[in-house]
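A short write-up of the structure that comes next.
Just so we're clear, the structure is a prediction, and the values are computed from it rather than from any experiment. Chain letters run A, B, ... following the sequence lines, proteins first, then strands; residues in each count from 1.
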There are 2 protein chains.
Amino acid sequence: MPTSLPFVDAPPPERRDAARNREALLEAAVELVRSQGVRAVTMEAVAARAGVGKGTVFRRFGSREGLMAAVLDRSETEWQAAIIGGRPPLGPGAPPLERLLAFGKSRLLLNITHAELIDAAGNPVPPSLEALSFNTMHVRYLLSELGVTGDLPYLASALVAPLDMVVLGRRGARADVPVDRLDAGWADLVHRVTGTT
Amino acid sequence: MPTSLPFVDAPPPERRDAARNREALLEAAVELVRSQGVRAVTMEAVAARAGVGKGTVFRRFGSREGLMAAVLDRSETEWQAAIIGGRPPLGPGAPPLERLLAFGKSRLLLNITHAELIDAAGNPVPPSLEALSFNTMHVRYLLSELGVTGDLPYLASALVAPLDMVVLGRRGARADVPVDRLDAGWADLVHRVTGTT
DNA sequence: GGGCGAAACGGACCGCGGTCCGCTTCTATT
DNA sequence: AATAGAAGCGGACCGCGGTCCGTTTCGCCC
């Protein structure tokens, strides 16, 4: 008798050695980022440090971007938890507008902090319905709470975009603009879009 | 006696062979893009097609991104001319709001058309005050014409961002969203930001 | 035309991301 | 414990972006 009843059609679990290697690789990657910066994280270096072959890194994470995304995922998950179930004004409990502004500021800071990593993580793999990222979903929800009408998915993307631009640094705001100003600018943008004062 | 008086401190002109090679390389690159797509444009392929060495390509364009930017520059310049001095509503003559909306639609289409190329061109080289790209400068100007007050540089970037997001495809709108909707969404955004109906 | 310094050239070379495939290790089953 | 077949492994190999430096070409001046 199996120790736990599997869900029907559940994908077979990861083999034990595979899981061990995944963990070792992730830890190696995190440590390399911490000690030598994102640029030093080559697939071979990570493999060597984890004591496995290069092929294994690619099997587990698919690509360098995938590996970076996995590294990023740790802090990102934590942050998302703070949004979903944390304390106000980031988490539920505060009025929507306040939450929205807090979200923007927090996301901005996070983007700046993890700029290199986010950049190295690139686009998430699936080119399909990932349009509904966590960020846009959340903003979209807050907009609806605020009673904003219109193409909410689009408006949400449009609001999130300037926050990301800072990181991508592409044809837009530059890093030498002080954070306060970016934050203030975004707040103004939010007010204009939501029609609040 | 020199055939033309040089400007003071003007950088020495390009040597004749250098100019010839630049032209040949650019033509080779354009032709490769046209016939085989952006992905096929490897530095070695371009060099071979132009009948020069690989090193020359790098000397002229610095990097693959630089080369792509140079290729892109051709159509981009033409487009910019249409904005600056073309016929209304894109060019001067139409009311600012109309121009702004025309700009958005046009830019959106252009971004979609040249998506691969723009992506391959990456960030422009100088990480300095390039905050003032042509697009943001123009939007900023139109906003001021509309009498919008506030942090105009920021608002301009924020408006341009969603247009670019389509291309970068990052954590935002996806390619499978119909263009009309992107256009309509952007128009709505403009109205909200500018406080117009 | 000849000579000279500077600019440009070209291709061998390097590092890294990514693939491939023969070999090893795990685990379910009896 | 033995076994079989699937899952995982690893490192040789490839292609491309980018660098380097000895050689060639250019164009100015005599």
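- For A:Arg20, the side-chain contact (heavy atoms from CB on, under 4.5 Å) test picks out A:Asp17, with sequence neighbours left out.
- By the side-chain contact (heavy atoms from CB on, under 4.5 Å) test, A:Glu98 is found to be paired with A:Pro89, A:Ala94, A:Pro95, residues two or more places apart in sequence or in another chain being considered.
- Over its full length, the helix from C:dG1-D:dC30 to C:dT30-D:dA1 turns its helical axis through 0°, comparing axes from the five pairs at each end and rounding to 10°.
- Looking at residues two or more places apart in sequence or on another chain, you find no salt bridge (Lys or Arg N to Asp or Glu O under 4.0 Å) involving A:Arg87.
- In this structure, CZ of A:Arg49 is placed 17 Å from P of D:dG10, rounded to the nearest angstrom.
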Just distance, no hydrogens or angles: give the donor-acceptor pairs under 3.5 Å from side chains in residues 46-54 of chain B, sequence neighbours left out.
none

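- Between B:Leu159 and B:Leu143, some side-chain heavy-atom pair lies under the 4.5 Å cut-off.
- Note on B:Arg60: only backbone sugar-phosphate atoms sit closer than 4.0 angstrom, heavy atoms only; bases stay farther off.
- Every side-chain contact (heavy atoms from CB on, under 4.5 Å) that A:Glu23 has, sequence neighbours left out, goes to A:Arg74.
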Side chains of residues 99-108 of chain A: which donor-acceptor pairs under 3.5 Å do they make with residues two or more places apart or in other chains?
from, atom 1, to, atom 2, distance (Å)
A:Arg99, NE, A:Leu90, O, 3.2
A:Arg99, NE, A:Gly91, O, 3.0
A:Arg99, NH2, A:Ile83, O, 3.0
A:Arg99, NH2, A:Leu90, O, 3.3
A:Lys105, NZ, A:Asp183, OD2, 3.4
A:Ser106, OG, A:Trp79, NE1, 2.8
A:Arg107, NE, A:Asn111, OD1, 3.2
A:Arg107, NH1, A:Glu76, OE2, 2.5
A:Arg107, NH2, A:Glu76, OE2, 3.1
A:Arg107, NH2, A:Asn111, OD1, 2.9

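- The side-chain hydrogen bond (donor to acceptor under 3.5 Å, both in side chains) check on A:Arg60 picks up nothing, with sequence neighbours excluded.
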Heavy-atom protein contacts under 4.0 Å, nucleotides 17-30 of chain C, coded B base, S sugar-phosphate only, - none: BBB-----BSS---
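- Within the 4.0 Å cut-off from OP1 or OP2 of C:dC9, at least one side-chain nitrogen or oxygen of B:Asn21 is found.
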